[in-house]
Amino acid sequence: MNRRNFLRLIGLTTGATAATSSLNAFNIGGVNVPVPLPTEITGGVNVDKVAEGSQKIAKGATGIGAKEEAAIGEAVAIGIIGKNGGLARASGPAQKIIYIGKSLAKYSYRPGLNFRFGVLNSSIVNGFSSPGGYVFITKGLLDAVGNDDQLAGVLAHEICHITRRHALQTISRGQLVSGIVDVASGSSSDFSAFDAGTDKIVNKLLDTGFDPDDEYDADKFGAKLAYETGYSKNGLKDFLEKLKSTQGDSKKIFSTHPPLSNRISKLS
Amino acid sequence: MADVYSKKQDLPVYAEPNPSASVVAKLKFAEKAKVVSDQNRWVNIKTSSGQTGWVYSGNVGDRRPPEENKADLLAPSSGVDTAAAGRGLSEAAQQYAESRGYVNAASDLAWLDKENASVSSADVKTFMKEHKLGEYAS
């Protein structure tokens, strides 16, 4: 399938045409598609120049800038979705986690990041995140949470993996970075290296997960984020205790995270 | 006195601890302020220019945000729902989806972008007010 047909299939070939005071263009399938930016957002600023400026900002400790993070995050998100039965598209649950998730994101350390929240069509109980702002929980987890405080606790944990750049640090620490970043930035077209690197990231996230210290870090900062958003600071802990009381330390529950007992202990 | 740092650009500093109060100053991204006191998730601060007022605790942190976070605030997709939905996937992500047979997953991701973009910042603000979340708790 060529790229044009692929884009048509996933519904990305239609450009927006709403009347606005500022237009920005993105290259989609070789075609510059105008995307309107409302004046209340741009404030009359030349967005093209701002976007260019954002790329010049320091890439930080990971050496991975915003553009590269977005491309890597999209590919990793596709891998997570592909390996977990796709997305559950029922609008009700999806909208609920979007509202709670975006409320939490507002008070995160990256309030300007375009966070997106989705439900994976999987019966396991787990949550995942991808660089660039993608947060996923499984349908099994959504069915298991007892209330919004618990759901917010889980989402805040995943948001903090992104704001604390845990995945990007993992990439920059390892040998994955060389084959990925150049392609993600558009300076290389060695897509096979990008694909292989993305596979490694996806497999790590889905099979072994983050290092335990990163998980405890996300637990700690997630509890703070949930509290500052107005949810209980004990939502995640309560959910983990609920799971432990019904499932024990089953490997099928949060299999990519440290044992429930250890997480509960550190959150207490 | 402890210090706090703004997570946002042009963060409003209010005369009273609620978002309906008048704005007496604004903090730039990563700008530091001194903590005078705190009350129900609101922090009374003193800015570097000597102005005192209130900021919501979720909008400031006790550590300086990394400089690269500023890129989020400047990016075209920052808070721009329509742009995020229309942006489309990067070429690298498209190629990955094709080479790994994840065309349906890419379709799901495009749907996810649109579903999330359909919830605007104003919608989230309304939701937070209805549920008494964050700075809209009281």
Side-chain angles (χ1 to χ4, degrees), chain A residues 1 3 6-7 9-12 15-16 18 24 26 28 33 35-38 41 47 50-51 53-54 57-60 65-66 70-71 74-75 77-79 81-82 86-87 89 94-95 98-99 102-103 106-107 109-114 116-118 183-184 186 191 194-195 198 228-230, chain B residues 7-9 41 56-59 61 65-80 82-113 115-116 119 121 123-124 127-128 131-134 137:
Chain A
M1 181 185 302
R3 191 193 312 158
F6 170 77
L7 288 165
L9 180 66
I10 64 175
L12 293 176
N24 195 24
F26 293 95
I28 297 176
V33 178
V35 178
L37 302 183
I41 300 296
V47 178
V50 170
S54 72
I57 287 179
K59 294 182 178 179
E74 286 171 356
I78 287 169
I81 294 169
L87 287 180
R89 293 198 184 193
Q95 289 278 307
I98 290 171
Y99 276 102
K102 288 196 173 191
S103 299
K106 177 180 167 71
Y107 298 124
Y109 253 90
R110 298 182 68 180
L113 188 62
N114 181 25
R116 284 144 291 182
F117 302 86
V183 176
F191 292 106
F194 179 87
D195 293 350
T198 301
E228 287 179 336
T229 308
Chain B
K7 298 176 185 173
K8 297 182 177 177
Q9 181 71 3
R41 298 187 177 112
Y56 185 69
S57 63
N59 289 322
E67 185 65 17
E68 60 264 37
N69 287 11
K70 198 170 185 179
D72 301 332
L73 301 169
L74 295 175
S77 64
S78 176
V80 183
T82 49
R87 177 173 49 83
L89 297 177
S90 68
E91 185 178 16
Q94 294 164 26
Q95 294 282 350
Y96 179 72
E98 288 186 71
S99 72
R100 294 300 185 259
Y102 289 147
V103 173
N104 288 339
S107 172
D108 275 346
L109 195 70
W111 173 84
L112 185 72
D113 279 354
E115 191 77 359
N116 276 263
V119 178
S121 299
D123 293 336
V124 175
F127 172 82
M128 294 180 75
H131 291 78
K132 297 189 180 304
L133 295 174

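Each chain gets a letter, A, B and so on, in the order its sequence line appears, and its residues count up from 1.
The backbone N or O of A/Arg110 sits nowhere less than 3.5 Å from a side-chain atom of B/Asp72 that would complete a donor-acceptor pair.
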Check against side chain to side chain contact (heavy atoms under 4.5 Å, CB included), B/Lys8 and A/Lys106: CA-CA 10 Å; B/Lys8 297 182 177 177; A/Lys106 177 180 167 71; 3.6 Å; yes

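Contact detail for B/Met128 and A/Ser103: the closest heavy-atom pair is CG-OG, 3.3 Å. The shortest heavy-atom contact between B/Asn69 and A/Tyr109 is ND2-O, 2.8 Å. Closest approach of A/Ala75 and B/Ala93 over heavy atoms only: N-CB, 3.8 Å. The heavy-atom pair separating A/Asp195 from B/Ser99 by the smallest distance is OD2-OG, 2.7 Å.
You'll find the side chain of B/Asp108 reaches within 4.5 Å of the side chain of A/Arg89, heavy atoms only. Put simply, the side chain of A/Lys102 reaches to within 4.5 Å of the side chain of B/Asn116, judged on heavy atoms. At least one side-chain heavy atom of B/Val119 sits less than 4.5 Å from a side-chain heavy atom of A/Tyr99.
Separation of atoms CG (A/Leu87) and CG (B/Leu112) is listed at 5.5 Å; rounding is to 0.5 Å. Taking CZ of A/Arg116 as the start and CD of B/Glu115 as the end, the distance is 13.5 Å to the nearest 0.5 Å. Note: B/Arg100 CZ to A/Ile78 CD1 = 12.0 Å, rounded to the nearest 0.5 Å.
When the ring pair (Phe, Tyr, Trp, His ring centres under 6.0 Å) test is applied to B/Tyr56, the partners found at least two apart in sequence or on another chain are A/Tyr107, B/Trp42. With sequence neighbours excluded, no residue forms a ring pair (Phe, Tyr, Trp, His ring centres under 6.0 Å) with A/Phe191.
Contact of B/Pro66 with chain A is made through the side chain alone, with heavy-atom distances under 4.5 Å. Only the side chain of A/Ala94 has a heavy atom closer than 4.5 Å to any heavy atom of chain B.
Each of A/Gly79, A/Gly186, A/Gly118 has some count of heavy-atom pairs under 4.5 Å with chain B, and the biggest count is that of A/Gly79.
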